[in-house]
2 protein chains.
Amino acid sequence: MSSPLPEPPWSSVPQRRRRRQLTREAITEAGLALVDAEGLDALSMRRVADGLDVQASALYGHVSGKQELIQLMLDHVALEIDVPDPDPERWEEQLKEFARSARQVLGAHRDLAGASLANIPTGPNMLVLIDRVLAILAASGLPRQAVAYAADLLPQFITAAVYEESLFLQRLEREPEYFERIDAYFRAAPADRFPVLADLVNELTSPEESPGARFEFGLDVIVGGLAAMVER
Amino acid sequence: MSSPLPEPPWSSVPQRRRRRQLTREAITEAGLALVDAEGLDALSMRRVADGLDVQASALYGHVSGKQELIQLMLDHVALEIDVPDPDPERWEEQLKEFARSARQVLGAHRDLAGASLANIPTGPNMLVLIDRVLAILAASGLPRQAVAYAADLLPQFITAAVYEESLFLQRLEREPEYFERIDAYFRAAPADRFPVLADLVNELTSPEESPGARFEFGLDVIVGGLAAMVER
DNA sequence: ACCTGAACACCGTTCAAGT
DNA sequence: ACCTGAACACCGTTCAAGT
């Protein structure tokens, strides 16, 4: 058998090399880039692989599957959320500061929040986040079981609220007349069959008077409800 | 050409006829039966069609697609949710009665609640539901904008809470040792890096002392938070 | 009018084969 | 050790063709 010929000098050109080594981090960031660009529905192992110039099956050497990829993405994002160090005098405002930071960070990744609802995140960064939120709650004077439940309720509210906001924004983006359509739908509800709805149609359909007013309302309700439970 | 032969008497046997006419209602119920049996992930146009002994493409003569099917399923379920007639003296307890009924009805259909988060339902039965919940809120003395926002917040809480409960139950069903795994995971968190979490690990991992205690806590927080906003 | 059959453009995941 | 290529068992949706 003849020895293989040496590679001619121009042969290295066509094989465009991958920009970076395939790692869990690279895969995670490619997944986030995809969600940022096109939303959660577009997230597939095949398209993440495309973004890294590899075959989908190559990803399985680094992550166990789509579920783990989503967990890695959520944990990556969790790192950016700010939680203040506990100050027992200001626990209510501090919970709101955490919630606003979480809303901003999560909201920057389209409807990624939906993945957080479907797939309760438990990565290392998420543990740190929970510990820091628990610290604020523990300084509130709430009973211990209430502290534990509140650490579940508040993130659940944040995630659900951000998810619905982002779905709304995404839909508006893809279908600019969407707002007018649901507006018209509510206004078309006959007052004899839907008396209260008809009476409140302006409040139900009017845009938020300030950005995040609806989110701030939910925050006021929940933090206010917790404050009412503090034993005095 | 020869005339076609008459059908022999035994030929009608093998063509097993469909049990009922294909209608939106039949499709909706087949979808619910599938979700009840196997959960939201198993819901596909092809499998719904299988359950009705038709091809998937046949469904598109009755519903515009999977999104509309989900809307029909949610609206079908909404009909079963009880909302009391408004009594201004009891608005707080009445909101809780609605929430408990919604939890029970939604929770009976596995993780269908997830579809309600992803796909904000707006069918006719849902409109009636919103009108009736708004009626209770309108009798509370809350400001009008707060009434409108609360009619969003409360269902959002219910849906998110039921969704997470059902995902947990579903996971327990498929992986009976799941509870012990997350239990061990939380207990393994080192106290020097997660001091508050380690301190509260019993409260975080212990099962609910009574069924729905976690749901009732969220309900207390939200309804209590709303009560604190009533102008007096 | 309503359903079938085939097709199109996708999925997640596995696994033998290559290098 | 790590990636490719091919395969398996699925998706939602469209559309010409049948009855």
Side-chain angles (χ1 to χ4, degrees), chain A residues 1 3-7 11-12 14-28 30-31 34-35 37-73 111 114-115 118-119 174-175, chain B residues 3-7 11-12 14-28 30-31 34-35 37-73 111 114-115 118-119 174:
Chain A
M1 293 208 276
S3 326
L5 286 175
E7 285 292 307
S11 89
S12 68
Q15 46 171 317
R16 62 157 177 277
R17 67 168 79 171
R18 286 187 285 284
R19 272 179 288 282
R20 41 189 303 195
Q21 247 217 315
L22 202 54
T23 61
R24 286 163 75 84
E25 290 70 36
I27 294 170
T28 305
L34 184 55
V35 169
E38 302 186 38
L40 206 53
D41 284 343
L43 183 73
S44 74
M45 297 301 275
R46 291 171 125 105
R47 294 213 46 200
V48 170
D50 278 353
L52 295 161
D53 282 317
V54 289
Q55 297 294 317
S57 50
L59 303 180
Y60 290 83
H62 303 267
V63 299
S64 65
K66 191 179 180 183
Q67 282 228 342
E68 192 185 15
L69 171 55
I70 287 173
Q71 290 282 358
L72 290 170
M73 290 167 60
D111 52 356
N119 219 322
R174 288 165 193 182
E175 186 188 348
Chain B
S3 326
L5 286 175
E7 287 291 309
S11 88
S12 67
Q15 46 171 319
R16 63 159 176 276
R17 67 166 79 168
R18 287 187 283 286
R19 272 179 288 282
R20 41 190 302 194
Q21 247 218 315
L22 202 54
T23 61
R24 288 164 74 83
E25 289 69 37
I27 294 170
T28 303
L34 183 54
V35 169
E38 303 187 37
L40 205 53
D41 284 342
L43 183 73
S44 74
M45 298 300 275
R46 290 170 125 104
R47 296 214 44 202
V48 170
D50 277 353
L52 295 162
D53 281 317
V54 288
Q55 297 294 317
S57 51
L59 303 180
Y60 289 82
H62 303 267
V63 299
S64 66
K66 191 179 179 181
Q67 282 228 342
E68 193 186 13
L69 170 56
I70 287 173
Q71 291 282 1
L72 289 171
M73 289 166 61
D111 52 356
N119 219 323
R174 289 165 193 182

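Reckoned from all heavy atoms, side chains included, excluding hydrogens, waters and symmetry mates.
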Review point. Yes or no on side chain to side chain contact (heavy atoms under 4.5 Å, CB included) for B/Gln71 and B/Val63, after CA distance, side-chain angles and deciding distance?
Key: CA-CA 10 Å; B/Gln71 291 282 1; B/Val63 299; over 6 Å; no
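- When the P atom of C/dA9 is taken as reference, atom CZ of A/Arg46 falls 14 Å away, rounded to whole Å.
- Looking at the side chain of B/Leu22, the nearest of the listed nucleotides D/dA7, D/dT13, C/dC3 is C/dC3.
- Taking atom CG of residue A/Leu43 and atom P of nucleotide C/dT13, one finds them 11 Å apart after rounding to whole Å.
- A straight line from CG of A/Leu59 to P of C/dG12 spans 10 Å, rounded to a whole angstrom.
- Tested against B/Asn119 for a side-chain contact (heavy atoms from CB on, under 4.5 Å), the candidates B/Gln67, B/Met73, B/Lys66 yield a single pass: B/Gln67.
- Of the listed nucleotides (D/dC15, C/dC11, D/dT13), D/dC15 has the atom at the smallest distance from the side chain of B/Ser57.
- Residue B/Ser44 places no side-chain atom within donor-acceptor reach of the base of D/dG12, judged by atom type and a 3.5 Å distance cut-off alone.
- What separates CG of B/Leu40 from P of D/dC11 is a distance of 14 Å, to the nearest Å.
- When each of A/Ile27, A/Leu59, A/Asp50 is tested with A/Met45 by the rule side-chain contact (heavy atoms from CB on, under 4.5 Å), just one qualifies, namely A/Leu59.
- Base pairing of D/dG18 is made with C/dC2, judged by Watson-Crick or G-U wobble geometry with both donor-acceptor distances under 3.5 Å.
- Between the P atom of D/dG12 and the CG atom of B/Leu69 lies a distance of 10 Å, rounded to the nearest Å.
- For B/Lys66, counting side-chain heavy atoms from C-beta on, the closest listed nucleotide (D/dG12, D/dC11, D/dC3) is D/dG12.
- For A/Asp41 and C/dG12, the CG to C1' distance is 16 Å, given to the nearest whole Å.
- Of all non-hydrogen atoms in B/Arg24 and B/His62, the two that sit nearest each other are NH1-O, 2.9 Å.
- The partner of C/dC8, taking Watson-Crick or G-U wobble pairs whose two distances both stay under 3.5 Å, is D/dG12.
- Residue B/Asp50 contributes atom CG, which lies 13 Å from atom P of C/dG5 at whole-angstrom precision.
- For D/dC3, neither phosphate oxygen OP1 nor OP2 lies less than 4.0 angstrom from any side-chain nitrogen or oxygen of A/Gln55.
- No donor-acceptor distance shorter than 3.5 angstrom exists from the side chain of B/Arg46 to the backbone of B/Ala56, with no hydrogens or angles considered.
- Taking atom C1' in both C/dC2 and D/dA17, the straight-line distance is 13 Å, to the nearest Å.
- Distance noted for atom P between D/dA9 and C/dA9: 23 Å (whole Å).
- In this structure, the OH atom of B/Tyr60 is 15 Å from the C1' atom of C/dG5, given to the nearest Å.
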